[in-house]
4 protein chains.
Amino acid sequence: MPRKPNTDCRRAEIITALQAVIARQGYEKASIQAIAKEAGLAPGLIHYHFKNKQEILVLLVRKLADYGQQRFEQIAAQAGSPEARLHAYLEARLGLGEGAAPDAVAAWVMIGAEAVRQKEVRDIYQQAVAQELLLLTALLGECLIAQGSDAGKAAELAAGLLAMMAGAYQLSSSAGSVMPVGYAAHAAKTYARLYLDAVPTA
Amino acid sequence: MPRKPNTDCRRAEIITALQAVIARQGYEKASIQAIAKEAGLAPGLIHYHFKNKQEILVLLVRKLADYGQQRFEQIAAQAGSPEARLHAYLEARLGLGEGAAPDAVAAWVMIGAEAVRQKEVRDIYQQAVAQELLLLTALLGECLIAQGSDAGKAAELAAGLLAMMAGAYQLSSSAGSVMPVGYAAHAAKTYARLYLDAVPTA
Amino acid sequence: MPRKPNTDCRRAEIITALQAVIARQGYEKASIQAIAKEAGLAPGLIHYHFKNKQEILVLLVRKLADYGQQRFEQIAAQAGSPEARLHAYLEARLGLGEGAAPDAVAAWVMIGAEAVRQKEVRDIYQQAVAQELLLLTALLGECLIAQGSDAGKAAELAAGLLAMMAGAYQLSSSAGSVMPVGYAAHAAKTYARLYLDAVPTA
Amino acid sequence: MPRKPNTDCRRAEIITALQAVIARQGYEKASIQAIAKEAGLAPGLIHYHFKNKQEILVLLVRKLADYGQQRFEQIAAQAGSPEARLHAYLEARLGLGEGAAPDAVAAWVMIGAEAVRQKEVRDIYQQAVAQELLLLTALLGECLIAQGSDAGKAAELAAGLLAMMAGAYQLSSSAGSVMPVGYAAHAAKTYARLYLDAVPTA
DNA sequence: CATGAATGAGCTTTCATTCAT
DNA sequence: GATGAATGAAAGCTCATTCAT
């Protein structure tokens with residue numbers, strides 16, 4: 001009587017545990033022991049399910065990147081004007097950045113640092129950034145078209161907004177107490193609004 | 001004939017070496033061996049000049065924070081309109097962020113991640129962020145007053161700009177190749193310009 | 001099939017190994033390598049079973065103190081006169097001090113030196129000394145009462161005997177060859193006998 | 001104009017500094033840096049005056065042993081009865097052991113532990129112990145002869161008294177607070193008095 | 001699948017000793 | 001004589017990884 005395989009769920013548990021530990025400790029200090037403890041598993045089991053620590057990290061990066069992507073798809077699927085979608089997007093990203101899922105945000109910040117030194121992480125991280133940039137550009141492009149403007153300026157604004165988002169994540173994790181409360185979503189919306197308004201209609 | 005102390009210069013060398021290594025490897029992977037090699041010194045000498053690794057980090061954080069502060073003071077000392085000073089400031093910060101001193105920028109990004117997990121680093125980091133926020137707020141306040149507006153909105157804009165700057169640093173270090181070239185300084189100036197223009201004159 | 005834990009026995013082995021090494025080398029020179037070698041284990045395993053070296057020491061001190069306590073209880077449980085118990089006690093302590101368990105004696109001497117500089121060791125050591133003093137005082141008190149004297153003088157004699165015992169341990173470990181053979185148990189018994197006889201009966 | 005050599009006084013300063021540090025820290029933890037700091041000298045100077053750390057230790061052991069010897073000679077030089085000399089001796093040794101020169105006593109205790117593991121130290125330590133034993137035996141022999149008894153029993157009593165003294169030193173350094181105040185000199189005198197009285201006159 | 005003991009490399013840190021000045 | 005920088009070998013400790021059970 002073979003056991004029912006539970007590999008998939010164990011793997012997910014372990015990845016989630018790494019997310020929690022990495023958010024507190026960073027990747028280097030996220031020891032296998034600590035991950036196992038967080039997941040409530042025996043240390044030896046980690047290497048049964050994963051070849052090595054790096055593999056868990058890679059899958060966590062993918063998971064977090066996909067999570068953002070899914071959120072966008074939900075938003076995109078929503079009915080409503082381009083501008084409504086943009087607001088929903090920024091709210092989803094930056095409302096979250098300020099307390100909603102500090103775990104995921106801090107983990108993402110740590111991964112950003114890890115991306116500086118590990119090519120494998122950097123590749124996935126850059127892919128996620130590029131994708132996000134594309135999505136945001138598309139979203140802004142729709143807004144511009146909806147107001148009868150040329151969509152060409154969307155890329156520039158998207159880059160600025162993405163930087164603002166990345167910075168808001170970083171600062172909320174490391175210096176949240178010295179920043180104004182809840183500034184980020186509002187600042188991003190204002191920036192977008194002013195910028196879009198400034199693009200001349202065709 | 002007593003030997004002439006050279007501690008100050010050695011300490012500076014070691015701090016600079018840590019900056020270089022931390023920019024490539026992060027703090028955890030910046031081993032004493034690696035720092036010593038970077039500085040061209042024997043490993044044991046590091047601990048002759050510093051109590052421990054943490055002390056070097058703390059001094060590096062201070063040095064980088066002071067560096068930014070000094071740059072601002074140079075700018076502030078320059079003659080010119082508030083707006084000219086603002087532009088000079090953003091150029092100094094973000095021109096730098098895009099290639100001028102990648103070493104310092106990457107080190108600062110790594111330190112931001114370290115700040116998430118180490119209280120001692122976090123405290124200094126937050127102090128630096130708070131200081132930067134004050135400077136930027138003051139700078140923007142002058143701009144608003146110069147155009148006959150109320151300075152009250154300066155803090156909000158300052159927070160948004162600071163986030164954009166932090167994000168630009170982060171992305172330039174970890175995903176520079178997927179971002180548009182030289183977007184950051186321009187995006188920040190545009191954001192500031194549009195925002196300031198939108199504040200009604202008294 | 002979970003693996004059966006063997007931590008308790010491994011810990012005991014390691015503590016015993018420390019006792020052997022400390023008896024030869026003292027605590028500072030009892031390196032983890034040396035302890036591991038003595039126990040026939042890999043060095044890394046020591047820190048799997050113990051948080052740090054200090055923890056092993058503390059447990060060794062406790063073990064040795066308890067060992068003395070148990071010996072006393074065996075003696076106290078024996079039938080016989082107070083004086084017989086006293087003789088058995090001194091024989092147990094000082095016969096031991098002169099060859100019976102040189103390992104434990106030398107380790108105890110080294111621990112006494114360590115107690116001078118480490119508060120944590122000192123606390124346990126003092127507790128053991130205080131306990132021994134109480135036991136000896138009680139034992140002597142019974143002797144005095146048995147001969148119809150006041151038990152008040154017991155404390156003074158107990159202190160003197162304890163010092164003689166501690167000194168005999170010290171000298172047997174560091175200068176055994178220059179002391180008369182087997183003097184200690186006899187000297188202690190003589191001291192006790194003369195002292196007790198000198199206390200007036202009520 | 002040649003400098004006046006101050007080697008002898010420097011060496012004495014360094015030896016005294018080792019005594020102070022060893023009393024607090026033990027020999028292993030008495031680093032050259034710590035000794036130099038205690039003596040108010042530059043670290044490099046230590047090895048100018050001494051071949052190595054061991055040499056300082058050896059000289060300290062000699063110094064402490066000689067110190068005891070000198071004290072005895074002063075006593076021996078005093079006029080008075082053998083018994084008066086014995087009392088003066090015990091007072092000198094054990095009054096000292098209970099607070100008068102805790103520095104020297106603690107250092108001696110540490111050296112006793114070091115003697116267990118270092119042959120070179122052990123040799124000097126044993127020599128000092130043997131010498132002390134001889135002195136004490138002689139002193140007690142005089143007392144016995146003065147009372148018309150045979151001096152043969154002196155050695156046995158001397159050994160017991162020496163152990164009591166060594167133990168009093170050990171306990172005053174490591175567990176002074178749990179022992180009765182000032183017990184040692186009195187206990188030793190009582191022990192000697194009772195023992196001497198019990199030896200039959202010829 | 002699961003457990004937890006075991007291994008050994010690598011880290012930070014301490015320190016006796018040497019040596020240029 | 002004197003200074004203090006410099007060296008390199010060890011120490012304690014952490015940890016990814018392996019493996020017997």
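A, B, ... follow the sequence lines: proteins, then strands. Residue 1 opens every chain.
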Distance check needed: [N] [atom2] versus [X] [atom1], whole Å only.
X	N	atom1	atom2	answer
E13(B)	dA5(F)	CD	C1'	12 Å
Q54(D)	dA16(E)	CD	C1'	12 Å
K29(B)	dT12(E)	NZ	P	10 Å
E55(D)	dT17(E)	CD	P	11 Å
K37(D)	dG4(F)	NZ	P	14 Å
H49(C)	dC13(F)	NE2	C1'	16 Å
H47(D)	dT3(F)	NE2	C1'	15 Å
F50(B)	dA6(F)	CZ	P	12 Å

Under 4.0 Å: is that the gap between some side-chain N or O of N6(C) and OP1 or OP2 of dT21(F)?
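Answer is no, no contact under 4.0 Å.
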OP1 or OP2 of dG4(F) less than 4.0 angstrom from a side-chain nitrogen or oxygen of T7(B), does that happen here?
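So the side-chain polar atoms of T7(B) never come under 4.0 Å of the phosphate oxygens OP1 or OP2 of dG4(F).
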For a 4.5 angstrom cut-off between non-hydrogen side-chain atoms, does I46(C) reach H49(C)?
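No, their side chains stay 4.5 Å or more apart.
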Side-chain contact test, heavy atoms from C-beta onward, threshold under 4.5 Å: evaluate it for I14(D) versus L59(D) and give yes or no.
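Side-chain contact under 4.5 Å: no.
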Considering every strand shown, what is the Watson-Crick or G-U wobble mate of dT21(E) when both distances are under 3.5 Å?
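With both distances under 3.5 Å, dT21(E) matches dA2(F).
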For K29(C), does the NZ atom have more than 12 heavy-atom neighbours from other residues, nucleotides or ligands under 6.0 Å away?
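Not more than 12 within 6.0 Å, no.
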Could you tell me whether a side-chain N or O of E114(B) sits under 3.5 Å from a main-chain N or O of M110(B), the two making a donor and an acceptor?
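A pair under 3.5 Å: no.
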More 5' along DNA chain E: R10(C) or R10(A), using each one's nearest nucleotide?
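Taking each residue's closest nucleotide, the earlier one in sequence belongs to R10(A).
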Candidates dT17(F), dA6(F), dC19(F) - which lies nearest the side chain of N52(A)
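Of the options given, the side chain of N52(A) lies nearest dT17(F).
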For Y27(B), does the six-membered ring have the charged nitrogen or CZ of K53(B) within the cation-pi criterion, i.e. under 6.0 angstrom from the centroid and within 45° of the normal?
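Yes, a cation-pi geometry holds between K53(B) and Y27(B).
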From the options I15(C), V121(C), N52(C), select the one residue that forms a side chain to side chain contact (heavy atoms under 4.5 Å, CB included) with L57(C).
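When I15(C), V121(C), N52(C) are each tested with L57(C), the side chain to side chain contact (heavy atoms under 4.5 Å, CB included) holds only for V121(C).
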Filtered N/O pairs between nucleotides 7-11 of chain E and protein, under 3.5 Å:
residue : atom : partner : partner atom : Å
dT7(E)  : OP2  : A42(C)  : N            : 3.2

Apply salt bridge (charged side-chain N to carboxylate O under 4.0 Å, His left out) to R62(C) and D66(C), showing your working.
CA-CA 6 Å; R62(C) 292 233 172 82; D66(C) 286 354; over 6 Å; no
